[in-house]
Amino acid sequence: MAEDVKPTRKNLMEIEDRIELSERGHDTLEQKRDGLIMEFMDILDQAQDVRAGLNEDYERAQRTINMARAMEGDVAVRGAAAALKEHPEITTQSKNIMGVVVPQIESSRVKKSLDQRGYGLLGTSARIDEAAEAYEQLLESIILAAEVETAMKKMLEEIETTKRRVNALEFKVLPDLYDNKEYIEQKLEEQEREEIFRLKKIKAKKEEEEKEQEEAEKAAAKEPETVVADD
Amino acid sequence: MSQEIAVVGSPDFTTGFRLAGVRKFENVPEEEKDERLDDAVERTLADDDVGIVVMHDGDLDHLSRNVRQAVETSIEPTLVTLGGGAGSGGLREQIKRAIGIDLMEEDNE
């Protein structure tokens with residue numbers, strides 16, 4: 001690439017400007033990357049807690065529904081499940097962490113009281129209620145986990161792109177620019193040396209010519225008649 | 001914008017969530033998962049009303065490569081897997097790739 005640029009002073013100045021800009025960008029991006037990783041570590045701790053809670057809730061929910069199935073029969077459980085009228089809803093808002101937009105999920109109508117569930121109280125037993133409650137609890141954990149894990153995914157994506165940019169600047173853009181700068185500087189110095197050499201040559205030639213002329217004049221002064229006769 | 005939660009999995013897995021009021025679900029019987037799970041997941045991902053997809057961690061193995069990658073990296077809707085460790089749902093791999101260290105190692109020991 002170094003040979004692609006024209007070795008002119010203007011290009012050199014342009015490249016110096018670009019180097020300055022790239023270095024500033026590189027520093028800023030590096031800081032951004034480190035900041036993002038620090039934020040990510042915070043979220044990671046949170047995510048691990050949420051995950052642990054989620055697994056616990058899942059196991060409990062499974063236990064209670066298996067109990068309900070065993071005691072009431074599969075059909076009763078499914079029947080109750082099909083009767084649900086209230087449905088949980090989630091609304092997402094966004095929050096900005098260092099330029100990364102992460103969602104904040106809010107849920108409504110996850111936890112329901114007995115009469116809100118919609119299956120008849122007489123036809124079902126307390127075990128089904130328990131199972132429903134356990135799953136409602138599980139859903140809440142899932143919503144929390146979804147929020148944290150989406151934030152993590154988004155942060156990871158941003159970290160990856162930032163890292164790539166930092167590396168591209170550090171290992172590709174800046175070295176190329178430095179190569180070009182070096183190349184132009186060398187070329188310009190070379191041109192300067194050539195110029196000086198050329199000037200010296202011209203000076204030497206001029207002096208020689210002057211000498212010759214002087215000699216010719218001297219010779220002409222010695223025998224002016226010959227010159228006139230020549231004319 | 002209000003969205004809903006969707007559950008994809010075997011009937012046993014989805015029943016409990018329906019008991020908690022989840023309306024969107026895809027039932028795929030255990031023995032047909034290899035053939036039908038891909039379609040079910042794609043349908044769920046394409047649904048704009050779905051904000052969170054809940055699946056069992058083991059079911060991800062039944063998905064084809066493309067669908068698995070799509071669902072693991074999807075942010076809208078987000079995938080939450082149950083029954084796996086902390087690094088499930090492709091998160092662990094992504095952390096390894098982005099940070100360069102396996103931060104979730106100690107959880108699986």
Side-chain angles (χ1 to χ4, degrees), chain A residues 37 40-41 44 47-48 51-52 54-55 58-59 61-62 64-65 68-69 74 77-78 80-82 84-92 103 105 107-110 112 117-119 128 131-139 142-143 145-147 149-150 152-160 163, chain B residues 1-7 11-25 27 49-57 71-108:
Chain A
I37 290 180
F40 177 78
M41 290 299 181
L44 185 75
Q48 278 169 342
R51 259 287 153 186
L54 184 66
N55 285 341
Y58 177 55
E59 271 164 33
Q62 262 190 327
T64 51
I65 201 166
R69 263 205 201 107
D74 206 28
V77 177
R78 272 170 207 234
L84 261 286
K85 278 207 293 275
E86 293 279 333
H87 303 286
E89 276 182 355
I90 49 173
T91 43
T92 36
I105 305 176
S107 56
S108 56
R109 284 187 289 175
V110 174
K112 294 176 279 286
R117 288 201 182 121
Y119 51 77
I128 291 182
E133 213 179 293
Y135 267 94
E136 281 165 9
Q137 172 75 38
L138 177 62
L139 272 188
I142 285 176
I143 290 164
E147 183 183 309
E149 284 181 11
T150 314
M152 275 173 81
K153 278 186 194 168
K154 286 207 160 185
M155 302 268 299
L156 281 176
E157 267 175 27
E158 190 67 23
I159 288 173
E160 240 184 298
K163 219 172 86 173
Chain B
M1 190 174 70
S2 99
Q3 290 176 313
E4 287 189 40
I5 302 167
V7 188
D12 284 352
F13 183 71
T14 57
T15 309
F17 289 98
R18 294 178 61 201
L19 210 51
V22 173
R23 189 162 39 169
K24 295 198 182 283
F25 61 96
N27 276 341
D49 292 335
V50 174
I52 300 172
V53 183
V54 184
M55 284 181 76
H56 193 273
D57 194 48
V71 77
E72 276 180 348
T73 52
S74 163
I75 285 170
E76 182 92 50
T78 316
L79 170 79
V80 177
T81 58
L82 293 174
S88 53
L91 208 57
R92 192 175 168 187
E93 277 303 307
Q94 214 182 346
I95 291 175
K96 253 203 261 181
R97 208 175 52 232
I99 313 270
I101 318 164
D102 193 356
L103 288 169
M104 286 184 157
E105 208 165 25
E106 66 269 337
D107 301 293
N108 292 358

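Quick caveat, the model's predicted, so the values are computed rather than measured. Letters A, B, ... mirror the listed sequences (proteins, then strands); counts begin at 1.
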Looking only at heavy atoms, which two atoms of [X] and [Y] are closest? And how far apart?
X: A:Lys163; Y: B:Arg97; result: NZ-O, 3.9 Å
X: B:Pro11; Y: A:Arg78; result: CB-NH2, 3.8 Å
X: B:Thr81; Y: A:Arg51; result: O-NH1, 2.8 Å
X: B:Ile52; Y: A:Ala146; result: CD1-CB, 3.6 Å
X: B:Leu19; Y: A:Val77; result: CD1-O, 4.1 Å
X: A:Leu156; Y: B:Ala98; result: CD2-CB, 3.6 Å

Might you work through the side chain to side chain contact (heavy atoms under 4.5 Å, CB included) test for A:Ile142 and B:Leu82, ending with a clear yes or no? CA-CA 9 Å; A:Ile142 285 176; B:Leu82 293 174; 4.1 Å; yes
Side-chain heavy atoms of B:Gln3 within contact of A:Ile105, under 4.5 Å: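 No, too far: nothing below the 4.5 Å cut-off.
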Using modelled atom types only, decide if a donor and an acceptor are shared between the side chain of A:His87 and the backbone of B:Val22 within a distance under 3.5 Å.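 Between the backbone of B:Val22 and the side chain of A:His87 there is no qualifying donor-acceptor contact (under 3.5 Å).
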Just by modelled atom types, is the B:Ile75 backbone N or O under 3.5 Å from a matching donor or acceptor in the A:Lys153 side chain? no
Pick whichever of A:Gln137, A:Arg69, A:Glu136 has the most heavy-atom pairs under 4.5 Å with chain B.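 The residue among A:Gln137, A:Arg69, A:Glu136 with the greatest pair count is A:Arg69.
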As an exercise, state the distance from OG1 of B:Thr78 to CD1 of A:Ile143, rounded to the nearest 0.5 Å. 11.0 Å
Working to the nearest 0.5 Å, report the span between CE of A:Met152 and CD1 of B:Ile95. 4.0 Å
Chain A contact via B:Thr14 - side chain, backbone, both or neither, heavy atoms under 4.5 Å: neither
Could you list the residues that satisfy side-chain hydrogen bond (donor to acceptor under 3.5 Å, both in side chains) with B:Asp12, not counting sequence neighbours?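 Not a single residue meets the side-chain hydrogen bond (donor to acceptor under 3.5 Å, both in side chains) criterion with B:Asp12.
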Is chain B contacted by the side chain of [X], its backbone, both, or neither, given a heavy-atom distance below 4.5 Å?
X: A:Ala61; result: neither
X: A:Ala82; result: both
X: A:Met41; result: side chain

Residues two or more places apart in sequence or in another chain: which of them pass ring pair (Phe, Tyr, Trp, His ring centres under 6.0 Å) with A:Tyr135? B:Phe17
